[in-house]
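Every heavy atom of this structure was used, including side-chain atoms; hydrogens, water molecules and symmetry mates were not. All residue numbers in this chain count up from 1 along the given sequence.
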Amino acid sequence: MASTFIPLLNLPTQTAIKATLIPHFFVLKSCHRSSLPLLSSKPAKSVTVRMSYNPTPATDRLISAVAYTLPFFNSLQYGRLLFTQYPVLGLAFEPILPILGLYRSIPHSSFIAFFALYLGVVRNPNFNRYVRFNSMQAVTLDVLLAVPLLIQRILSPGPGGLGFQIMVWGHNGLFLFSVLCFVYRLASCLLGRTPHLRLVADAAGRQI
């Protein structure tokens, strides 16, 4: 190699031997240290990731939870047959009887609550989407719960027979469904989550 032919006459004996045996030793020793790449002693900059969490305000959760009492109160009429057959079930609803009595004491309370909720909350841009969507779900569900009563008045089943039995099953099923939905929606609103009922949520979302 070319680096082995470096003149070695004026070098010390040990250095000459090292240059002969290890050709690159002499070349590296003769290089200036500043020409070598220097490793930066500065630590790498740390990247801080910040996650923002915006919980639902307590007022929005409360308004949304109260909105679902409209279809719940109007669905209690479907439970009359169950309360007659199983009086023990009435004990579970005793805590809300004073509120229910006040609600029923107002003339046309269901219509007033319906339009107040729809015009005062759903169509009010001062409320955020969370409150308006839940209120629209409550309004939509209240409308759907009124359909079986209209069908019953049209068909008017007698006090006995198969038609009456179908009406009893339908009323009991609607009552249990409305109670379960109310508990689910109430718990979701108190936790700041958005309850979704498949058909009701789709209809409500198109109105917001």
Trainee: Measure the spacing between CD1 of Ile96 and CG of Leu76 and express it to the nearest 0.5 Å.
Mentor: 5.5 Å

Trainee: To check you understand the geometry: which heavy-atom pair defines the closest contact between Gly120 and Phe127, and what is its length?
Mentor: O-CE1, 3.4 Å

Trainee: Are Leu70 and Leu186 joined in one hydrophobic group, where the rule is that I, L, V, M, F, W and Y side chains link up if heavy atoms are under 4.5 Å apart?
Mentor: yes

Trainee: Got a second to check how far Met136's CE is from Arg206's CZ, nearest 0.5 Å?
Mentor: 10.0 Å

Trainee: Cluster question for you: counting only ILVMFWY and a side-chain heavy-atom cut-off of under 4.5 Å, with indirect links fine, are Leu119 and Tyr68 together?
Mentor: yes

Trainee: Considering only heavy atoms from C-beta outward, does the side chain of Ser109 approach that of Phe73 to under 4.5 Å?
Mentor: no

Trainee: Picking from Val200, Val143, Val139, Asp142, what satisfies side chain to side chain contact (heavy atoms under 4.5 Å, CB included) with Pro71?
Mentor: Asp142

Trainee: Given the rule that I, L, V, M, F, W and Y join up when any side-chain heavy atoms are under 4.5 Å apart, are Phe182 and Ile99 in one cluster?
Mentor: yes

Trainee: Working to the nearest 0.5 angstrom, can you tell me the gap between Arg61 CZ and Arg193 CZ?
Mentor: 11.5 Å

Trainee: Would a distance-only check, ignoring hydrogens and angles, find a side-chain to backbone donor-acceptor pair under 3.5 Å from Asn128 to Val131?
Mentor: yes

Trainee: For His196 and Phe133, I'd like to know if the aromatic rings sit close, meaning centre-to-centre distance below 6.0 Å.
Mentor: yes

Trainee: Fit a plane to each ring of Phe93 and Phe83, take the angle between them on a 0 to 90° scale, and name the class: parallel (under 30°), tilted (30 to 60°) or perpendicular (over 60°).
Mentor: perpendicular

Trainee: Any donor-acceptor pair under 3.5 Å linking the side chain of Gln137 with the backbone of Pro195?
Mentor: yes

Trainee: With rounding to the nearest 0.5 angstrom, report the OH to CG distance, Tyr130 to Asp60.
Mentor: 8.0 Å

Trainee: Hey, can you pull the donor-acceptor pairs under 3.5 Å for the side chains in residues 168-180, sequence neighbours left out?
Mentor:
unit_1, atom_1, unit_2, atom_2, d
His171, NE2, Gln152, OE1, 2.9
Asn172, ND2, Val168, O, 3.3
Ser178, OG, Ser75, OG, 3.1
Ser178, OG, Leu174, O, 3.1
Ser178, OG, Phe175, O, 2.7

Trainee: To the nearest 0.5 Å, what is the distance between CG (Leu97) and CG (Leu102)?
Mentor: 12.5 Å

Trainee: Do the non-hydrogen side-chain atoms of Leu100 and Arg104 ever get within less than 4.5 Å of each other?
Mentor: yes

Trainee: Hey, quick one: are Leu62 and Leu191 part of the same hydrophobic cluster, counting side-chain heavy atoms closer than 4.5 Å, chains of contacts allowed?
Mentor: no

Trainee: Using every non-hydrogen atom in the two residues, find where Ser110 and Tyr103 come nearest and quote the distance to one decimal.
Mentor: CA-OH, 3.2 Å

Trainee: Of all heavy-atom pairs between Asn124 and Arg132, which one has the smallest distance, and what is that distance?
Mentor: O-CD, 3.6 Å

Trainee: Starting at CG of Leu117, measure out to CD1 of Ile112 and round the result to the nearest 0.5 Å.
Mentor: 13.5 Å

